Trainee: 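My structure is below; once you've seen it, I'll send some questions.
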Amino acid sequence: MIFNWSIFFHYLLEPSSIYLHGLWLTLSISVVSQVVGTTLGLFVALGRLSRLRFLQVIAGFYVWVMRGTPLLVQIVFIYTALAAANIIRFHDVDLGFMVLPGNVQAGIIALSLNEAAYMCEIIRAGINSIDKGQTEAAKSLGMTPGLLLRRIILPQAARVILPPLGNNFNSMLKSTTLLSVIGVPELLLATQMVTSATFRVFELYSVVALYYLSLTTLWSVLQRRIEDRYSAPFAEARNKPARRSFLGGVFGGAQ
């Protein structure tokens with residue numbers, strides 16, 4: 001088989017509407033799932049750090065199940081197994097400005113629940129990194145637990161949480177490909193639909209690989225910029241530069 005460069009560059013530089021829709025769906029599902037998963041992960045982390053034993057057990061069991069089973073199994077279970085057992089069926093929802101398909105709803109829920117289990121451990125590590133003396137001092141000043149969390153703990157813990165959070169979002173962009181098994185027309189399934197019509201498998205899968213590489217590379221650069229901006233005060237206190245070069249942002253090189 002001869003690689004057709006004209007088809008490769010055509011779909012790379014002039015993507016069809018199917019490709020663009022798949023790209024938009026990939027990005028939107030990734031962002032929504034990451035936001036929901038991070039929020040839920042915060043509550044699960046607080047449950048694991050709670051003094052109440054039953055909350056620790058529930059949160060620990062949740063993390064054990066979600067991290068101990070494959071994400072693909074969770075996706076199929078939520079969309080297919082729950083419907084087969086007549087527990088829940090995902091129907092299309094009209095939001096007014098768009099229709100949210102049932103398989104997209106199931107995909108977002110599955111990705112969010114899975115992400116929450118990993119973000120729980122990341123957030124828990126960030127909270128545990130804060131000096132206990134600061135917590136005790138804030139409590140002695142009469143701060144409520146909610147105010148303590150917002151003003152003292154989370155702002156400092158963010159320096160520890162941000163790097164793995166960014167890495168998890170990078171993984172989320174790639175994990176959306178698993179939603180193709182339940183018919184979500186994200187970027188991979190969009191490519192499969194185009195290849196079934198053109199039979200140019202090598203060229204089109206090369207294109208989609210470059211799309212994903214571009215997405216993850218752009219996010220890596222943005223992630224490094226966010227980390228450098230947030231860690232700048234700490235770096236200045238240690239008399240060290242906080243900014244990195246472009247290649248350092250892409251490949252995680254030294255400052």
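Remember, predicted model here, so these are calculated numbers, not experimental data.
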Trainee: Would you name the heavy atoms of R48 and Q56 that are closest together and state the gap between them?
Mentor: O-CG, 3.8 Å
Trainee: Heavy-atom distance under 4.5 Å between the side chains of L173 and N170, does that happen here?
Mentor: yes
Trainee: Without swapping roles, check the side chain of E121 against the backbone of A117 for a donor-acceptor pair under 3.5 Å.
Mentor: no
Trainee: Taking D94 for its side chain and V99 for its backbone only, find out whether a donor-acceptor pair lies under 3.5 Å.
Mentor: no
Trainee: Identify the heavy atoms of G22 and A190 that sit nearest to each other, and give their distance.
Mentor: CA-CB, 4.4 Å
Trainee: Do N167 and Q223 make a side-chain contact, defined as non-hydrogen atoms from C-beta onward lying under 4.5 Å apart?
Mentor: yes
Trainee: May I ask you to test the I130-V160 pair for a side-chain heavy-atom distance under 4.5 Å?
Mentor: no
Trainee: Taking atom CZ as the centre, does R67 end up with more than 12 heavy-atom neighbours from other residues, nucleotides or ligands that are less than 6.0 angstrom away?
Mentor: yes
Trainee: Rounded to the nearest 0.5 Å, what separation is found between the NE2 atom of H10 and the CZ atom of R200?
Mentor: 13.0 Å
Trainee: Determine the minimum heavy-atom distance between W219 and G166, stating which atoms define it.
Mentor: NE1-O, 2.9 Å
Trainee: Show the numbers, then the answer: is there a side chain to side chain contact (heavy atoms under 4.5 Å, CB included) between L42 and L154?
Mentor: CA-CA 10 Å; L42 172 61; L154 288 182; 4.3 Å; yes
Trainee: First locate atom CE of M119, then atom CG of N168, and finally report the distance between them rounded to the nearest 0.5 Å.
Mentor: 6.0 Å
Trainee: Quick one: CD on E203 to OG1 on T198, what's the gap to the nearest 0.5 Å?
Mentor: 8.0 Å
Trainee: Hey, does the side chain of T217 reach the backbone of S214 with a donor-acceptor pair shorter than 3.5 angstrom?
Mentor: no
Trainee: Could you measure the distance from the OG1 atom of T26 to the NE2 atom of H21? Nearest 0.5 Å is fine.
Mentor: 10.0 Å
Trainee: Is the backbone N or O of F77 less than 3.5 Å from a side-chain atom of T80, with the two atoms forming a donor-acceptor pair by type?
Mentor: no
Trainee: Using every non-hydrogen atom in the two residues, find where M193 and P185 come nearest and quote the distance to one decimal.
Mentor: CE-CB, 4.2 Å
Trainee: If you measure from CD1 on I153 to CD on Q156, what distance do you get to the nearest 0.5 Å?
Mentor: 9.0 Å
Trainee: When clusters are formed by joining ILVMFWY residues with side-chain heavy atoms under 4.5 Å apart, either directly or through shared neighbours, do L187 and L20 land in the same one?
Mentor: no
Trainee: Indicate, with yes or no, if L189 and Y212 share a hydrophobic cluster defined by side-chain heavy-atom contacts under 4.5 Å among Ile, Leu, Val, Met, Phe, Trp and Tyr.
Mentor: no
Trainee: Are the side chains of N114 and I75 in contact, using a 4.5 Å heavy-atom criterion?
Mentor: no
Trainee: Apply the test side chain to side chain contact (heavy atoms under 4.5 Å, CB included) to residues L215 and L27: give CA-CA distance (whole Å), side-chain angles for both, the deciding distance (0.1 Å), then the verdict.
Mentor: CA-CA 9 Å; L215 288 175; L27 289 172; 3.8 Å; yes
Trainee: Between Y118 and V63, is there a shared hydrophobic cluster once you connect ILVMFWY residues whose side-chain heavy atoms come closer than 4.5 Å?
Mentor: no
Trainee: Hey, are the side chains of L111 and L179 touching, using non-hydrogen atoms and a 4.5 Å cut-off?
Mentor: yes
Trainee: Do you see a donor-acceptor pair shorter than 3.5 Å between the side chains of S30 and Q34?
Mentor: no
Trainee: Checking Q105 side chain against H91 main chain: does a donor-acceptor pair fall under 3.5 Å?
Mentor: yes
Trainee: For a quick test of reading the model, state the closest non-hydrogen atom pair linking Y62 to L113 and the distance between them.
Mentor: OH-O, 2.6 Å
Trainee: Decide whether L95 and I108 are clustered together by the hydrophobic rule: side chain heavy atoms of Ile, Leu, Val, Met, Phe, Trp, Tyr closer than 4.5 Å, transitively.
Mentor: yes
Trainee: Do V208 and L204 have side chains that get closer than 4.5 Å, going by heavy atoms?
Mentor: no
Trainee: So, does Q74 use its side chain to make a donor-acceptor pair with the main chain of T69 at under 3.5 Å?
Mentor: yes
Trainee: Determine the interplanar angle of the F61 and W64 rings, folded into 0 to 90°, and report it as parallel if under 30°, tilted if 30 to 60°, perpendicular if over 60°.
Mentor: tilted
Trainee: What are the two closest non-hydrogen atoms of S180 and E186, and how far apart are they?
Mentor: CB-OE2, 3.3 Å
Trainee: Is it possible for you to say whether L149 and L147 belong to one hydrophobic cluster, with membership spreading through side-chain heavy-atom contacts below 4.5 Å?
Mentor: yes
Trainee: Side chains of Y79 and V181, heavy atoms from C-beta outward: is any pair under 4.5 Å?
Mentor: no
Trainee: Taking it one step at a time, do N4 and F202 satisfy side chain to side chain contact (heavy atoms under 4.5 Å, CB included)?
Mentor: CA-CA 9 Å; N4 192 320; F202 191 14; over 6 Å; no
Trainee: Given the rule in the side chain to side chain contact (heavy atoms under 4.5 Å, CB included) test, do L222 and F169 qualify, once you have shown the distances and angles that lead to the verdict?
Mentor: CA-CA 12 Å; L222 179 59; F169 182 70; over 6 Å; no
Trainee: At what distance, to the nearest 0.5 angstrom, does OG of S175 lie from CG of L71?
Mentor: 5.5 Å
Trainee: Would you call F90 and V104 a side-chain contact if the rule is heavy atoms closer than 4.5 Å?
Mentor: no
Trainee: Is the number of heavy atoms from other residues, nucleotides or ligands within 6.0 Å of CZ (F43) greater than 12?
Mentor: no
Trainee: Could you tell me whether a side-chain N or O of Q192 sits under 3.5 Å from a main-chain N or O of T195, the two making a donor and an acceptor?
Mentor: no
